[in-house]
2 protein chains.
Amino acid sequence: MGTKSAQTAVDPQLACPVGPVVDIVFSRWTTPILWTLHAHGRQRFVELQRRIDAITPKVLTQRLRQLERDGLVVRTYHPEVPPRVEYEISELGLSLAPLFAHLAEWADGNLDKVDRARQAYDADPAH
Amino acid sequence: MGTKSAQTAVDPQLACPVGPVVDIVFSRWTTPILWTLHAHGRQRFVELQRRIDAITPKVLTQRLRQLERDGLVVRTYHPEVPPRVEYEISELGLSLAPLFAHLAEWADGNLDKVDRARQAYDADPAH
DNA sequence: CGGAATCCAATGGGATACTG
DNA sequence: CAGTATCCCATTGGATTCCG
């Protein structure tokens, strides 16, 4: 990981100004994680793991690290026995809420059209 | 809302309502393709290929097929010699424009914060 | 509990060559 | 021109094990 993002291997800025932000917000597993944190508030590692269907601890750790580095999630470590770690959405992460709402709204009004388009496409023997 | 121990195994789609639409709109290469089609209007395969930095014909074909199947892009085949094919955004695809604008707006106001968060994170030897 | 380390399988995407 | 076909490599993610 680190400085290199897989999706930006081909500088998308020229072809698509929204490329960088898509990398940050919509890379794999980020929306389920952000959504779960937003829906259930501050919670521990295992709670997150249980709520996000069958995600492995390795992948969850990777994604949480990225989200923490990007400032969208705040990690709090409590030096106890046993150790306790809590994750929550940051203020910056919370600022994505309207965008997610917008996305959900579009989905609500148009996902059925996508479905019908697919059925029509699949029904056409020319394809 | 209360936490139910009964539904420990949560379907990822349930865990994140925006999951399906993210798959459709923000899967790999789709935003550069949609953006280019929106910026330059109806255009041919090679034009698309040239404008989207170094995308291979194979991948471009795959993505265009998916976008066509999802009803976001319209493909028009002209049986000439040599053959001519044109792609354009559909009405459904165009309905994504406000969403993209919203995304660009968020990026414009917050991408620098992400950058600073990364620098702060990388500067901390604890990480 | 909250990970880290290791190994491995699947997949996506690049390069190249070819065709109607 | 607009793809298709083939090969191949890199990255991703899953499974498992181990540790402070």
Side-chain angles (χ1 to χ4, degrees), chain A residues 1-12 15-16 19 22-24 26-33 36-37 42-69 73-88 126-127, chain B residues 8-9 12 15-16 19 22-24 26-33 36-37 42-69 73-88 121 126-127:
Chain A
M1 331 198 246
T3 56
K4 214 157 139 198
S5 168
Q7 198 163 349
T8 51
V10 181
D11 178 28
C16 177
V22 169
D23 270 356
I24 294 169
F26 298 108
S27 59
R28 240 180 189 87
W29 292 108
T30 57
T31 50
I33 293 174
T36 303
L37 283 175
R42 158 190 287 221
Q43 55 200 288
R44 307 176 67 168
F45 187 86
V46 275
E47 299 180 277
L48 267 176
Q49 188 183 353
R50 264 192 294 261
R51 286 192 173 112
I52 301 170
D53 182 44
I55 189 173
T56 60
K58 174 185 144 187
V59 175
L60 182 56
T61 300
Q62 287 175 345
R63 302 288 91 186
L64 282 172
R65 289 280 183 274
Q66 180 188 331
L67 289 170
E68 186 196 1
R69 192 174 97 101
V73 160
V74 176
R75 177 181 184 267
T76 310
Y77 176 74
H78 301 87
E80 307 168 355
V81 179
R84 185 163 56 94
V85 176
E86 290 182 316
Y87 293 91
E88 62 184 325
H127 297 139
Chain B
T8 43
C16 177
V22 169
D23 278 351
I24 294 169
F26 298 107
S27 59
R28 236 168 183 99
W29 291 110
T30 57
T31 50
I33 292 173
T36 303
L37 283 174
R42 158 188 287 218
Q43 56 199 290
R44 306 176 69 169
F45 188 86
V46 275
E47 299 180 277
L48 223 41
Q49 188 183 353
R50 263 192 296 259
R51 286 192 173 113
I52 301 169
D53 184 41
I55 189 173
T56 60
K58 173 185 142 188
V59 175
L60 181 56
T61 300
Q62 287 175 344
R63 304 285 90 187
L64 282 172
R65 289 279 183 276
Q66 179 188 329
L67 290 170
E68 186 196 0
R69 192 174 98 99
V73 160
V74 176
R75 177 182 184 267
T76 311
Y77 176 76
H78 303 275
E80 307 169 356
V81 178
R84 186 164 55 95
V85 177
E86 290 181 316
Y87 293 91
E88 61 183 325
Y121 184 93
H127 296 138

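Chain letters run A, B, ... following the sequence lines, proteins first and then strands; every chain starts at 1. Because the structure is a prediction, the values reported are computed rather than measured.
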Visitor: Would you call the rings of B/His127 and B/Tyr121 parallel, tilted or perpendicular, taking 30° and 60° as the class edges?
Guide: parallel

Visitor: Which residues pass the side chain to side chain contact (heavy atoms under 4.5 Å, CB included) test with A/Pro83, sequence neighbours left out?
Guide: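 If we apply the side chain to side chain contact (heavy atoms under 4.5 Å, CB included) test to A/Pro83, skipping adjacent residues, the hits are A/Tyr77.
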
Visitor: Just jot down the side chain to side chain contact (heavy atoms under 4.5 Å, CB included) partners of A/Glu86, sequence neighbours excluded, or say none.
Guide: A/Arg42, A/Arg44, A/His78, A/Arg84

Visitor: Starting at atom CD of B/Glu80, determine the distance to atom P of D/dA2, rounded to an integer number of angstrom.
Guide: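 One finds 10 Å between P of D/dA2 and CD of B/Glu80, rounded.
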
Visitor: Looking at every heavy atom in both A/Ile55 and A/Gln49, which two are closest together, and how far apart are they?
Guide: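 That would be O-CG, 3.5 Å.
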
Visitor: Do you know the tightest heavy-atom contact between A/Leu37 and A/Tyr87?
Guide: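 Of all heavy-atom pairs spanning A/Leu37 and A/Tyr87, the closest is CD2-O, 3.6 Å.
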
Visitor: Residues two or more places apart in sequence or in another chain: which of them pass side chain to side chain contact (heavy atoms under 4.5 Å, CB included) with B/Arg63?
Guide: B/Ser27, B/Arg28, B/Trp29, B/Ile33, B/Val59, B/Gln66

Visitor: Taking OP1 and OP2 of C/dC1, is either one under 4.0 Å from a side-chain nitrogen or oxygen of A/Arg44?
Guide: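 The answer is no; no side-chain N or O of A/Arg44 sits under 4.0 Å from OP1 or OP2.
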
Visitor: Compute the angle between the rotation axes at the two ends of the helix from C/dC1-D/dG20 to C/dG20-D/dC1, each taken over five pairs, rounded to 10 degrees.
Guide: 50°

Visitor: Could you check how far CD of B/Glu47 sits from P of D/dC1, rounded to whole Å?
Guide: 10 Å

Visitor: B/Val22: what forms a side chain to side chain contact (heavy atoms under 4.5 Å, CB included) with it, not counting sequence neighbours?
Guide: A/Phe26, A/Thr31, A/Leu103, B/Val18, B/Phe26

Visitor: Produce a footprint string for nucleotides 13-20 of chain D: one letter per nucleotide, 5' end first; B if the base is under 4.0 Å from any protein heavy atom, S if only the sugar-phosphate is, - if neither.
Guide: BBB----B

Visitor: Taking the nucleotide of DNA chain C with the nearest heavy atom to each, does A/Thr61 or A/Pro82 sit closer to the 5' end?
Guide: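 With A/Thr61 and A/Pro82 compared, the 5'-side residue is A/Pro82.
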
Visitor: Give the rounded distance in Å between these two atoms: CG of B/Leu60 and C1' of C/dG14.
Guide: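 It is 14 Å, rounded to the nearest whole Å.
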
Visitor: Tell me whether the OP1 or OP2 atom of C/dA4 has a side-chain N or O from A/Arg65 closer than 4.0 Å.
Guide: yes

Visitor: Run the side chain to side chain contact (heavy atoms under 4.5 Å, CB included) test on B/Arg65 and B/Gln62 for me, step by step, so that the C-alpha distance in whole Å, both residues' side-chain angles and the decisive distance to 0.1 Å come before the verdict.
Guide: CA-CA 5 Å; B/Arg65 289 279 183 276; B/Gln62 287 175 344; 5.9 Å; no

Visitor: Does A/Tyr87 make a side-chain N or O approach to OP1 or OP2 of C/dG3 shorter than 4.0 Å?
Guide: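 Answer is yes, contact under 4.0 Å.
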
Visitor: D/dG3, OP1 or OP2 - any side-chain N/O from B/Arg84 closer than 4.0 Å?
Guide: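 So the side-chain polar atoms of B/Arg84 never come under 4.0 Å of the phosphate oxygens OP1 or OP2 of D/dG3.
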
Visitor: So, OP1 or OP2 of C/dG20: does either fall under 4.0 Å of a side-chain N or O from B/Tyr77?
Guide: no

Visitor: Give the nucleotide from the list D/dT4, D/dA2, C/dG3 with an atom nearest to the side chain of B/Phe45.
Guide: D/dA2

Visitor: Residues two or more places apart in sequence or in another chain: which of them pass side chain to side chain donor-acceptor pair (under 3.5 Å) with A/Gln43?
Guide: A/Arg51

Visitor: How close or far is atom C1' of C/dG3 from atom CZ of A/Arg50, stated in whole angstroms?
Guide: 15 Å

